[in-house]
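Input: a single structure, listed below in structure tokens.
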There are 2 protein chains.
Amino acid sequence: MIQIDLDLKVKFLRAFGDKTRVQILECIKYEEKTVSQIVDSLDGNQSNISQHLACLRGCGIIEGRQEGKYVYYGLRNQQIKELLGTFDHVLSQIQDDVACCENHIS
Amino acid sequence: MIQIDLDLKVKFLRAFGDKTRVQILECIKYEEKTVSQIVDSLDGNQSNISQHLACLRGCGIIEGRQEGKYVYYGLRNQQIKELLGTFDHVLSQIQDDVACCENHIS
DNA sequence: TTATCATATTAGCTATAACTAATATGTGTG
DNA sequence: CACACATATTAGTTATAGCTAATATGATAA
């Protein structure tokens, strides 16, 4: 039985619940990318993406590495990558349920 | 390579990013409970908990079953239960990283 | 049927997350 | 050094999620 700090857990999980951040994660899932590459891929603005990157980094989900004038971002570790895979796997099984119900708070 | 609708995925993941909902999930992780039992456990108010239950239900994470005048809520299936386990497992490995960084958007 | 209890829903308010625009920092290059 | 480019940060605004209080629905039991 693992004991996890509740606030920490919520902070971590909340990071996955945003469209832009999910797109960033998909973008760097297989290889690290520079901020500009991510901005281009998502067709977003630099400031916004940078803030989301800071969020993901702050939650221990990604990490950045400076190389010359670029900063490369990638998934923090293998567990995170597997977690992303698990999301897709679980969702592929229940997505019809998620889609059909509109009866929710948010 | 699994293909998942992005909006659906975000909707699903967002459901896990709230303190009250995480507590509800922990509360019914091992056995289904009535709404009143959940309200008592969390020391929350009935309306609020009910709305969060609707959210979780709408996202395909839990399901409700009426029995007499009570409604019992439980995790929707085994995959969800495993997913909750995976969260704890991943977090137990990286929680120091999550804790140390404050540099994020939310 | 009326009363009671359990749960759901609604409306309005508050709090927080996300976006935009502007500016700052930091790194390499002429 | 000055300049250009990459990224980060900040302040202010907008959008959205969550809360509270009140009310509605739906089930059972007297």
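Below, chains carry the letters A, B, ... as their sequence lines are ordered, and counting in each starts from 1. Both backbone and side-chain heavy atoms feed into the values below; hydrogens, waters and symmetry mates do not.
Remark: B/Tyr73 is in phosphate contact with C/dA8, judged by side-chain N or O atoms under 4.0 Å from OP1 or OP2. Between A/Arg14 and C/dT16 there is no side-chain N or O to OP1 or OP2 distance below 4.0 Å. Considering only side-chain N and O atoms, A/His52 lies under 4.0 angstrom from the phosphate OP1 or OP2 of C/dC19. Regarding contacts with the backbone of D/dA17, every side-chain N or O of B/Thr20 stays at 4.0 angstrom or more from both OP1 and OP2. The side chain of A/Asn48 places no N or O atom within less than 4.0 Å of a non-bridging phosphate oxygen (OP1 or OP2) of C/dA18.
A/Asn45 places its CG atom 8 Å from the P atom of C/dA21, with the value rounded to the nearest Å. Rounding to whole angstrom units, CD of residue A/Gln66 and C1' of C/dG28 are separated by 11 Å. Put simply, CZ on A/Arg65 is 14 Å from P on D/dA8, counting in whole angstrom units. Rounded to a whole Å, the CD1 atom of B/Ile62 is 13 Å from the C1' atom of C/dA8. Atoms NZ (B/Lys69) and P (C/dA6) sit 5 Å apart, rounded to a whole Å. Rounded to a whole Å, the CD1 atom of A/Ile49 is 12 Å from the P atom of D/dA8. In this entry the distance linking CD of B/Gln23 with C1' of D/dG18 reads 14 Å, nearest Å. One can place CD1 of A/Ile24 at 11 Å from P of C/dA18, the figure rounded to the nearest angstrom.
Nearest nucleotide to the side chain of B/Ser50, out of C/dA8, D/dA6, D/dA11: C/dA8. Considering only the side chain of B/Leu53, C/dA8 comes nearest among C/dC5, D/dT7, C/dA8. Across C/dT9, C/dA18, D/dA8, the shortest atom-to-atom separation from the side chain of A/Arg21 is found for C/dA18. Of all nucleotides listed (D/dA27, D/dC19, D/dA8), D/dA8 comes nearest to the side chain of A/Arg57. The side chain of B/Ser47 lies closest to D/dT20 when the candidates are D/dT10, D/dT7, D/dT20.
With hydrogens and angles ignored, a donor-acceptor pair under 3.5 angstrom links the side chain of A/Gln51 to the base of C/dT20. Between the side chain of B/Gln46 and the base of C/dA8 there is at least one donor-acceptor pair of N/O atoms closer than 3.5 Å.
Salt bridge status for A/Asp7 with A/Arg14: absent, with no side-chain N to carboxylate O gap under 4.0 Å. Between B/Glu26 and B/Arg21 there is no salt bridge, since no side-chain nitrogen of the basic residue lies less than 4.0 Å from a carboxylate oxygen of the acidic one. Salt-bridge check for A/Arg65 with A/Glu32: passed, with a basic side-chain N closer than 4.0 Å to an acidic carboxylate O.
Residues B/Phe16 and B/Phe87 bring their aromatic ring centres within 6.0 Å.
Between the side chains of B/Ser47 and B/Gln51, at least one donor N or O sits under 3.5 Å from an acceptor N or O.
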